[in-house]
Amino acid sequence: MSTTDTDTAAGKGAGTPPEGGATAEERELGAAGSQLSTAPAEEINIPSLGPLGWARWFWRQLTSMRVALLLLLLLTLATIPGSLVPQTSIDQLKVQDFQERHPTLTPIYEKLQLFHVYSSVWFSAIYLLLFISLIGCIVPRTWQFIGQLRGRPPAAPRRLTRLPAYTTWRSEAEPEQVLAAARKIMKGRRFRIEASGDAVAAEKGYLREVGNLLFHSALIVLLVSFAAGQLWKTEGSSVITEGGGFSNSLTQYDDIKTGQLFNSDDLAPFGFQLDRFTATYERSGPQMRTPRTFRADVSYWDGADGASHKTSIEVNEPLEIAGYKVFLLNHGYSPVVTIRDGKGDVVHQGPVVGLPIDGANLTESMVIKVPDYRDKNGKKDQIGFQGQFLPTWVRSQGMFSVFPALDNPTLVLTAYHGSLGVDGGTPQSVYQLDKSRMKQFKESDGKTKFARALKVGDTMKLPNGAGTLSFDGVKEWASFQISHKPGDQGALIGAVAALVGLAASLFIQRRRVWVRAVTGDDGTTVVEMAGLGRSEYAKLPEELADLAVRLQADAPPAPEAEPGPEPDRNSTEDPGKDSTEDLGKDSTGDSGKDSAKESTEDSASESASDTADPADPAEGARA
């Protein structure tokens, strides 16, 4: 008991398509070979001249699957400049630095909108065209697929031998019994079945089209999620010193970027406090100065009256609260100072955040502004300090730290007095000191510029009794990015759905199987099985063979008959005549000589089958 391999005779006689656009094989299979895909039939209809005709032509091209894939490729390529060129929406300082270093390229990049790729006209055009193309492509395919689901498997072709996978045997079981067993087996394999006359039609693999539609629908979800994330996004940063906190309001952000549809009333009420920052570094070897511990211990609360909870924020382990994500970005040091004016009154006390100028060793630029100040005579004045903070200072190495840890913290400052320029209403950076209207303090000789290097606990006395500055200690600060993008969850769902749909469209094959059982001239039942796949489905012969083996349990092959003439499997007509007629009907490009040659070969094949066992599928099949 065995089954056959694929029948290559399906391709015999295929030549140039006859008039009408259908090949002989397609006409022979009829409805059995149709509707295995939801791709719309391409009509070769040239639109009439005029605006309406060209609009129809443009719409058909835009909503085709090939154009959708092309736009998807273009969108992917369009993101490359956004990764290579600094973007104003991400880091304005890097953009300014790039423009200063590349004065020739800057005008070209500005005209091409390469400094803001994701909001550029050309990126938005690709984005919108892809969105329209996907919708225009998916909607008709979905309706067509629904129509296929409502339909039934097509009836069996007249000649199953022309299908790519085919097997046959003779059985003593009644045709009705064979067809009933075939229906039961097909249902067990989750085929959709339809009985039609002396055959059973079965179809399977609809999930392939579902996966295809799911994949393209997921792309739409991704595009919508991306758009929502950009329109309603909130993304800002804040520098917090140990003991300090953050409350989610606009005034608490050091800088913030929002989408076009953002509303300040939409800010969720939450906050957190930096309790402690811990950082340790590798002290030797090729990875010296590399952070080993980089952790911010925080207390957070959700809601105005929410309970306080403790957690830790580390790199790539953000705090998620109220739909926001709080990322740990950077850290540095905040020297704690106490400043007294000439009258001895405290005019400033607390930590001062420095601006890192050396990322490896955390050397920081320090600026301290004191706008409310009085000299020893009680006269109002303004005073400013500028210098550097060095976590580990070695005098012989110059004015830079040699290690990022607090091994030898030193605060080096000089002082100025005059007008800070803060009374004019012009915004100023807290990390820069405008010295255009200020004078630097001098030493007692009146020539040497005043400057001091302070250890923790040291006090710097300004000349002429102008006041003092005490270096009381060091706290650590951390910078956090607070991000809210409402489209993130939708993008995740779309990405997962796209992967599932892609897997289904790649690994699920749509195929049809037919089983025919008729009574032969010798009184036995001739059982035929054939299969057809949408594309080159390598496992179709194996699946058909497995179904045949299962069916043979209910329709076993008949005992071997005495050798003798055997009529053609598909008709009682003369085999040679039928073969000649078929070839004459189906071949459209063969010469009369080729037709006669193939007719002779078929006749020889039929003659060889006279001595074969008709009950053995391996003998009766052509592969």
Side-chain angles (χ1 to χ4, degrees), residues 51 54-96 98-99 102 105-141 213-236 255-264 266 323 325 481 483-498 501-502:
W54 284 110
R56 291 176 56 192
W57 177 86
F58 177 78
W59 175 253
R60 291 182 63 84
Q61 297 302 316
L62 180 61
T63 56
S64 64
M65 187 62 70
R66 64 175 66 91
V67 172
L69 293 176
L70 178 61
L71 290 172
L72 184 61
L73 176 62
L74 289 177
L75 187 68
T76 304
L77 295 177
T79 60
I80 296 178
S83 302
L84 300 178
V85 180
Q87 299 296 295
T88 55
S89 60
I90 298 176
D91 195 331
Q92 182 67 39
L93 295 178
K94 286 186 177 180
V95 174
Q96 294 177 356
F98 181 91
Q99 293 174 343
H102 302 88
L105 289 177
T106 296
I108 300 175
Y109 281 14
E110 288 179 344
K111 290 182 179 179
L112 296 177
Q113 300 177 316
L114 295 183
F115 293 118
H116 44 91
V117 168
Y118 304 109
S119 59
S120 63
V121 174
W122 53 270
F123 187 88
S124 301
I126 298 174
Y127 183 90
L128 292 176
L129 285 175
L130 176 60
F131 188 80
I132 297 172
S133 177
L134 287 173
I135 294 178
C137 179
I138 290 174
V139 171
R141 291 174 69 97
L213 295 174
L214 177 62
F215 172 75
H216 293 90
S217 299
L219 294 181
I220 295 180
V221 174
L222 284 172
L223 293 176
V224 172
S225 300
F226 178 77
Q230 294 299 312
L231 292 175
W232 284 280
K233 74 174 182 178
T234 305
E235 191 172 65
D255 65 87
I256 185 171
K257 299 181 181 67
T258 61
Q260 290 87 339
L261 301 181
F262 167 78
N263 191 328
S264 59
D266 298 332
K325 289 185 178 181
Q481 177 178 296
S483 177
H484 174 60
K485 292 184 178 180
D488 286 351
Q489 292 184 350
L492 177 60
I493 295 173
V496 173
L502 182 62

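In what follows, every heavy atom counts, from backbone to side chain, and hydrogens, waters and symmetry copies are set aside. Computed from a predicted structure; not experimentally measured. One is the number of the first residue; the rest follow in order along the sequence.
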From [X] [atom1] over to [Y] [atom2], what is the distance, rounded to the nearest 0.5 angstrom?
X    : Y    : atom1 : atom2 : result
L105 : E110 : CG    : CD    : 11.0 Å
L114 : T88  : CG    : OG1   : 11.5 Å
K257 : S483 : NZ    : OG    : 11.0 Å
Q61  : R66  : CD    : CZ    : 7.0 Å

Which atom of [X] lies closest to which atom of [Y], heavy atoms considered:
X    : Y    : result
S225 : G487 : CB-O, 3.2 Å
G229 : P486 : CA-CD, 4.2 Å
Q99  : F115 : NE2-CE1, 3.7 Å
G136 : W59  : CA-CZ2, 4.2 Å
C137 : T63  : CB-O, 3.3 Å
V95  : Q87  : CG2-C, 3.5 Å

Could you check whether Y118 and Y127 have their ring centres less than 6.0 Å apart? no

Less than 4.5 Å apart, any side-chain heavy atom of [X] and any of [Y]?
X    : Y    : answer
T258 : K233 : no
I138 : S217 : yes
W232 : N263 : no

For a side-chain contact (heavy atoms from CB on, under 4.5 Å) with Q113, tell me which candidate from P81, S119, S120 qualifies. S120

Here's a test for you: under side-chain contact (heavy atoms from CB on, under 4.5 Å), which of I220, L62, L75, L219 qualifies with L130? L75

How far apart are the C-alpha atoms of F262 and L231, what are their side-chain angles, what is the distance that settles it, and do they pass the side-chain contact (heavy atoms from CB on, under 4.5 Å) test? CA-CA 7 Å; F262 167 78; L231 292 175; over 6 Å; no

Stepwise side-chain contact (heavy atoms from CB on, under 4.5 Å) check, V139 with R141: CA-CA 5 Å; V139 171; R141 291 174 69 97; over 6 Å; no

Show me the donor-acceptor pairs, under 3.5 Å and distance only, between side chains in residues 67-74 and residues at least two apart or in other chains.
none

Using only atom types and a distance under 3.5 Å, with no angle test, would you say the side chain of [X] pairs donor to acceptor with the backbone of [Y]?
X    : Y    : answer
T106 : H102 : yes
W122 : L112 : yes
H216 : L134 : no

Could you go step by step and tell me if V85 and V117 meet the side-chain contact (heavy atoms from CB on, under 4.5 Å) rule? CA-CA 9 Å; V85 180; V117 168; 5.9 Å; no

Any chance CD of Q489 has more than 12 other-residue heavy atoms, nucleotides or ligands included, within less than 6.0 Å? no

Applying side-chain contact (heavy atoms from CB on, under 4.5 Å) to H484 and E235, what does each step give before you reach the verdict? CA-CA 6 Å; H484 174 60; E235 191 172 65; over 6 Å; no

